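As structure tokens, the structure follows; a few thoughts come after it.
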Amino acid sequence: MNIGEIEKLLEDGLTLYGFGKIEEAIAVWRKVLEIDHENQKALDYIESAGYGRQKQETAKALRFQDQKAAPTQYSQDTEFININYIKELLKSHRYELAYEFLEHLVGKDHPSNKQLTAYFSIVKAQLIKTYYEELYNFKKVPKLNINEQDIIKYNLSKTDGYIISMIDGYSDIEEIIQMCSNIDRFDVMKRFYKLTRLGVIGF
């Protein structure tokens with residue numbers, strides 16, 4: 001099977017995932033892993049769905065907790081507004097904003113709401129796809145576009161600074177992500193994308 005066919009399987013999985021067919025999507029991505037055991041894109045998609053190697057037990061525990069969860073405290077009207085706002089963001093492809101909004105809702109206000117959690121996973125998978133596309137499948141070697149003295153003007157976080165410090169002119173993005181093993185993989189992708197959009201990093 002060639003690279004184009006693998007990419008088609010990855011896309012097919014995303015389509016299924018977008019329609020809420022989570023198990024079918026994961027089955028397609030696992031088929032990719034049967035062909036290419038180290039396909040990082042498939043691993044990232046499966047991880048975003050909560051079925052990564054490290055997260056399978058956590059996902060089971062969360063499903064059990066959801067079954068026992070007490071009724072949510074927010075009103076149906078609020079839920080309706082939230083879901084409609086999320087749908088509008090997805091229609092306009094504003095995935096970064098949708099992610100931030102959902103991260104707040106899922107992480108703080110309504111952690112047991114299955115619909116919000118499902119949308120959060122879908123948006124995260126879509127962002128992973130965007131990051132791969134915009135960052136050349138993580139195969140290019142990044143370089144700093146600005147002088148080290150000018151970095152302070154961007155008011156970057158310590159984590160951003162740490163990622164920047166890993167740029168050595170030899171390692172590609174994937175290698176740097178692997179080196180940042182103490183930071184969540186998705187967070188490193190997200191920060192790389194942000195730094196590229198800011199013009200701090202180039203290729």
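Only heavy atoms go into these numbers, but all of them, side chains included; no hydrogens, no water, no symmetry mates. Here the structure is a predicted model, which is why all the values come from computation and not from measurement.
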> Under the side chain to side chain contact (heavy atoms under 4.5 Å, CB included) criterion, do I146 and Y154 qualify, and how do the steps go?
Replying inline: CA-CA 11 Å; I146 60 175; Y154 290 85; 3.4 Å; yes
> Could you go step by step and tell me if E88 and R94 meet the side chain to side chain contact (heavy atoms under 4.5 Å, CB included) rule?
Replying inline: CA-CA 9 Å; E88 287 301 316; R94 298 169 73 186; over 6 Å; no
>> To the closest 0.5 Å, what do you measure between OH (Y131) and CD (Q126)?
In response: 10.5 Å
> I128 and S48: which non-hydrogen atoms are nearest, and at how many Å?
Replying inline: CD1-CB, 3.7 Å
> Got L156 and L195 here, is their nearest side-chain heavy-atom distance under 4.5 Å?
Replying inline: yes
> Hey, any chance M179 and V141 share a hydrophobic cluster, counting ILVMFWY side chains that come within less than 4.5 Å of each other, even indirectly?
Replying inline: no
>> Can you tell me how far apart OG (S165) and CD1 (I167) are? Round to the nearest 0.5 Å.
In response: 8.5 Å
> Roughly how far, to the nearest 0.5 Å, is the CD1 atom of I122 from the OH atom of Y95?
Replying inline: 10.5 Å
> Linking I/L/V/M/F/W/Y whenever any side-chain heavy atoms sit under 4.5 Å apart, do L43 and L127 land together?
Replying inline: yes
> So do the side chains of L97 and Y85 get within less than 4.5 Å of each other, counting heavy atoms only?
Replying inline: yes
> Taking side chain as C-beta onward, heavy atoms only, is V123 less than 4.5 Å from L89?
Replying inline: no
>> With side chain to side chain donor-acceptor pair (under 3.5 Å) as the criterion, how do D44 and Y132 come out once you've worked through the C-alpha distance, each side chain's angles and the decisive distance to 0.1 Å?
In response: CA-CA 10 Å; D44 286 334; Y132 270 97; 2.6 Å; yes
> Would T15 and D12 count as a side chain to side chain donor-acceptor pair (under 3.5 Å) if you check the C-alpha gap in whole Å, the side-chain angles of each, and the deciding distance to 0.1 Å?
Replying inline: CA-CA 5 Å; T15 301; D12 288 346; 5.3 Å; no
>> Does any part of the side chain of L144, heavy atoms only, come nearer than 4.5 Å to the side chain of V200, both counted from C-beta?
In response: yes
>> Looking at every non-hydrogen atom in both residues, tell me the closest pair between T159 and R191 and how far apart they are.
In response: CG2-NE, 3.5 Å
> Nearest heavy-atom pair of N145 and G199: which atoms, and what distance?
Replying inline: CB-O, 3.1 Å
> So do the side chains of E38 and D36 get within less than 4.5 Å of each other, counting heavy atoms only?
Replying inline: yes
>> Would you say that R197 contacts K194 through its side chain, given a criterion of any heavy-atom pair below 4.5 Å between the two side chains?
In response: no
> Got K129 and Y45 here, is their nearest side-chain heavy-atom distance under 4.5 Å?
Replying inline: yes
> Can we say K41 and E7 salt-bridge, meaning some charged N sits less than 4.0 Å from an Asp/Glu carboxylate O?
Replying inline: yes
> Where do K140 and F203 come nearest, in terms of heavy atoms and distance?
Replying inline: CB-CD2, 3.7 Å
> Roughly how far, to the nearest 0.5 Å, is the OG atom of S181 from the CG atom of D184?
Replying inline: 11.5 Å
>> Can you confirm whether Y136 is buried at OH, in the sense that more than 12 heavy atoms of other residues, nucleotides or ligands lie under 6.0 Å from that atom?
In response: no
>> If you compare all heavy atoms of W29 against all heavy atoms of A42, which two are closest, and at what distance to 0.1 Å?
In response: O-CB, 3.8 Å
> About how many Å separate CD1 of I35 and NZ of K31, when rounded to the nearest 0.5 Å?
Replying inline: 6.5 Å
> Is it true that atom CG of N155 has more than 12 heavy atoms of other residues, nucleotides or ligands lying nearer than 6.0 Å?
Replying inline: no
> Going hydrophobic residue to hydrophobic residue with side-chain gaps under 4.5 angstrom, can you get from L135 over to Y162?
Replying inline: yes
>> I want to check something: taking the side chain as every heavy atom from C-beta on, are E47 and R185 in contact at a cut-off of under 4.5 Å?
In response: no
> When rounded to the nearest 0.5 angstrom, what is the spacing between CE in M189 and NZ in K124?
Replying inline: 8.5 Å
>> Please determine whether a side-chain nitrogen of the Lys or Arg among D172 and K139 lies less than 4.0 Å from a carboxylate oxygen of the Asp or Glu.
In response: no
> Between N39 and L33, what is the shortest heavy-atom contact and its length?
Replying inline: O-CD2, 3.6 Å
>> Checking ring-ring contact (aromatic ring centres under 6.0 Å, His included) between Y99 and each of F186, Y119, Y193, which is the one that passes?
In response: F186
